[in-house]
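What follows is one structure encoded as structure tokens, with my remarks underneath.
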Amino acid sequence: MLQINYIRENIADVKKRLVKKHFKNADQSVDLIIQLDEQKRSIQKQVENILAEENDAAKRIGELMRAKNIAEAESIKVLIPALKDSRKKLEEELQKLEEELYNILITLPNLPHESVPEGRTPEENVNVYHHGEIPTLYDGAIPHWDIAAKYDIIDFELGNKIAGAGFPVYKGKGARLQRALINFFLDEAIKSGYKEIMPPIVVNEASGFGTGQLPDKEGQMYHIGIDDLYLIPTAEVPITNLYRDVIVKEEELPIKNAGYTSCFRREAGSYGAHVRGLNRLHQFEKVEIVQIAHPDKSYQILDEMIAHVKGLLEKLELPYRVLRLCGGDMSFASALTYDFETYCAAQQKWLEVSSTSNFESFQANRLKCRFKNKEGKNQLVHTLNGSAIALPRIVATLLENNQTPEGIKMPKVLHPYLGFEMID
RNA sequence: GGAGAGGUGCCUGAGUGGCCGAAAGGGACGGUUUGCUAAACCGUUGUAUUCGAAAGGGUACCGAGGGUUCGAAUCCCUCCCUCUCCGCCA
């Protein structure tokens, strides 16, 4: 959520940046916010003045009662109903204004960083880095869903039977590969200074709100109605919410946490070839890195997180590229996002395996996560997170790119984790 | 699932109608003392919002929301949450 103070003082800038993010009606929304905010503050002032009078009267009555001066106390008492009456009316109006203001305010997305490219669609994302060669496969190379069946390592049919589409069953070396990747990613995160967190994989509504999934993406999360809990779509939600309503010490920043969790996404509206095999699932495994940062340092930290993810992909020997997302393709809460895509050689497609973002103070404002700055004032922190990394598309790429007539070769770095070198 | 207890500031914990934004202790921070450490002593120590150049002032907040009252942390109602015991279970 954007801070009203910032909007008030930077009207033109806010409008311009909302337009860059392709937010509809940026002009009207901001104008309305400013107008509602002015009305609200004016009425609030009136209400508070009346309250001050009432408080003062009550105090005097108390003093008079103690002095047994009943008559004078009573004479003040009769003045109060009129004050109360006019206050009640103003308060109703105030409440309406506050609600209206809030309802518009939470629909505003975060403002894009100045380095965010103009653009509306994924095609307009800017390729900022690439690494590795696109492999040439032998004749008879097949997509990963066929490989999965051939070696009996991932069973989509069985998943259908016991849960539904998008919930695959990993078997044998397929399951061991999952475990190996999780451990590898966690160990690498720890080496980079992250503290490992194992959070709950369900969260309450307040947490969903804190990181921006609610109310915006209500339909994208699985909801457990009987207990009113949500299955997490990413570990970002519980791990960032650890700091909800917390005032951290400035010298503790940056706070670096990482965690592995299963992630659950309803993916309502997805269908067709995009969802074939591991390309898009309802449940998948992911290691997430999360940082709580000083506002002055957050972009430097974003770069550090980018470097961490690059390192992972390079150790896995995967060809990848890094995209800076354009204004129209960024998520609601993000100020700057880099997507990582690996090249999946049999499908001949780039697949997103990580998304790493700086949310600046957008989430922090919802979370009320602050630190006491040098002037002794509480100031919102910046929050950042990145996938490091989500497993399914990494597995898809490994299977497709490393296939040989003899079997699937595993990258060296995973050998100690796997206990084998080849899926055959 | 059954029964009970409770939600107060960074923590413990007092507070049953006005003098309570809130005792006391602890912690933290600053100072005095000290060769250093410790101890002792003194002081400071909530958030939000608004007015103000500042000093300072107003308003709200004792789980949430309503109500009674001139006045509510305190009384009443509703909801939420936590804890303990019993049962069941990993």
Side-chain angles (χ1 to χ4, degrees), chain A residues 1-9 33-102 105-106 198 200-210 214-215 223-230 238 241-253 255 262 292 361 363-381:
Chain A
M1 189 158 56
L2 299 177
Q3 293 175 85
I4 183 72
N5 292 340
Y6 184 85
I7 299 175
R8 203 185 288 149
E9 287 157 24
I33 284 169
I34 295 298
Q35 186 203 329
L36 289 170
D37 177 54
E38 272 169 20
Q39 285 178 34
K40 189 203 104 174
R41 283 188 298 156
S42 141
I43 290 176
Q44 189 158 22
K45 182 90 191 145
Q46 295 174 50
V47 167
E48 284 177 6
N49 286 341
I50 296 172
L51 271 170
E53 271 187 68
E54 286 179 39
N55 288 345
D56 189 54
K59 199 181 262 177
R60 290 214 316 275
I61 290 167
E63 282 160 9
L64 291 166
M65 299 288 258
R66 247 169 291 131
K68 307 278 188 225
N69 194 343
I70 310 293
E72 201 175 337
E74 290 297 330
S75 77
I76 297 173
K77 253 193 218 182
V78 295
L79 302 174
I80 288 179
L83 288 173
K84 230 182 189 173
D85 231 41
S86 53
R87 174 168 61 87
K88 285 263 156 70
K89 275 185 204 127
L90 288 168
E91 276 174 341
E92 274 173 38
E93 211 175 322
L94 182 63
Q95 204 186 339
K96 249 184 253 162
L97 284 167
E98 277 173 346
E99 270 171 34
E100 209 177 327
L101 183 59
Y102 177 81
L105 217 45
I106 59 166
M198 187 177 270
I201 61 169
V202 295
V203 292
N204 55 27
E205 191 188 336
S207 298
F209 177 81
L214 294 175
H223 182 225
I224 304 164
I226 192 168
D227 292 310
D228 199 16
L229 292 169
Y230 295 85
N241 271 281
L242 260 24
Y243 298 89
R244 174 153 48 83
D245 295 320
V246 169
I247 298 174
V248 298
K249 294 205 175 72
E250 186 170 4
E251 58 269 24
E252 289 171 345
L253 299 174
I255 297 169
S262 291
I292 308 288
S361 60
Q363 289 182 331
N365 192 29
R366 292 175 159 230
L367 293 160
K368 302 226 179 345
C369 179
R370 294 159 293 177
F371 70 98
K372 207 170 274 296
N373 66 19
K374 300 247 168 16
E375 290 93 58
K377 285 211 159 188
N378 288 331
Q379 189 181 342
L380 294 173
V381 299

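Note on naming: letters A, B, ... go to the chains in the order of the sequence lines (proteins, then strands), and numbering restarts at 1 for each one.
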Hunt down the Watson-Crick or G-U wobble partner of [N], both distances under 3.5 Å, from any strand shown, or write none.
N: B:rA53; answer: none
N: B:rA90; answer: none
N: B:rA48; answer: B:rU59

Looking at every heavy atom in both [X] and [Y], which two are closest together, and how far apart are they?
X: A:Leu380; Y: A:Phe371; value: O-CE2, 3.8 Å
X: A:His223; Y: A:Leu229; value: CD2-O, 3.2 Å
X: A:Ile76; Y: A:Ala57; value: CG2-CB, 3.9 Å

With [atom1] as the reference atom in both, quote the distance from [N] to [M] in angstrom, rounded to an integer.
N: B:rA3; M: B:rU59; atom1: P; result: 46 Å
N: B:rG71; M: B:rA55; atom1: P; result: 34 Å
N: B:rG35; M: B:rA23; atom1: C1'; result: 41 Å
N: B:rG26; M: B:rC80; atom1: C1'; result: 31 Å
N: B:rC11; M: B:rA28; atom1: C1'; result: 11 Å
N: B:rA22; M: B:rU78; atom1: P; result: 32 Å

Scan [X] against the nucleic acid and name what it touches under 4.0 Å (heavy atoms): base, sugar-phosphate only, or nothing.
X: A:Arg66; result: sugar-phosphate
X: A:Lys40; result: nothing
X: A:Arg370; result: sugar-phosphate
X: A:Ala57; result: nothing

Original post:
If each of A:Asn49 and A:Ala58 is mapped to the nucleotide of RNA chain B with the nearest heavy atom, which maps nearer the 5' terminus, i.e. the 5' end?
Top reply: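 Checking each residue's closest nucleotide, the 5'-ward one belongs to A:Ala58.
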Original post:
Start at the 5' end of RNA chain B and walk down; is the nucleotide closest to A:Gly62 or to A:Asn55 reached first?
Top reply: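 Nearer the 5' end of the strand: A:Gly62.
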Subject >> Set of salt bridge (Lys or Arg N to Asp or Glu O under 4.0 Å) partners for A:Asp245, sequence neighbours left out >> reply: none
Subject >> Segment of RNA chain B, first to last nucleotide, that comes within the 4.0 Å heavy-atom reach of chain A >> reply: B:rG18 to B:rG71
Could you list the donor-acceptor pairs under 3.5 angstrom formed by side chains in residues 81-91 of chain A, with sequence neighbours left out?
unit_1, atom_1, unit_2, atom_2, d
A:Ser86, OG, A:Ala82, O, 3.4
A:Ser86, OG, A:Leu83, O, 3.0
A:Arg87, NE, A:Glu54, OE1, 3.4
A:Arg87, NE, A:Glu54, OE2, 2.6
A:Arg87, NH1, A:Glu91, OE1, 3.4
A:Arg87, NH1, A:Glu91, OE2, 3.1
A:Arg87, NH2, A:Glu54, OE1, 3.0

**OP:** Would you mind checking if A:Lys96 and A:Glu93 are paired as a salt bridge, meaning a charged N to carboxylate O distance below 4.0 Å?
**Re:** no
Original post:
Heavy atom of residues 67-81 of chain A under 4.0 Å from RNA chain B: which residues?
Top reply: A:Lys77, A:Ile80
**OP:** Using the test side chain to side chain donor-acceptor pair (under 3.5 Å), find all partners of A:Arg66 that sit at least two apart in sequence or belong to another chain.
**Re:**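 If we apply the side chain to side chain donor-acceptor pair (under 3.5 Å) test to A:Arg66, skipping adjacent residues, there are no hits.
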Original post:
Can you list the residues that meet the side chain to side chain donor-acceptor pair (under 3.5 Å) rule with A:Asn204, with sequence neighbours excluded?
Top reply: A:Ser207
Original post:
Is it the case that more than 12 heavy atoms not belonging to A:Glu205 sit under 6.0 Å from its CD atom?
Top reply: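 Not buried by this count: 12 neighbours or fewer within 6.0 Å.
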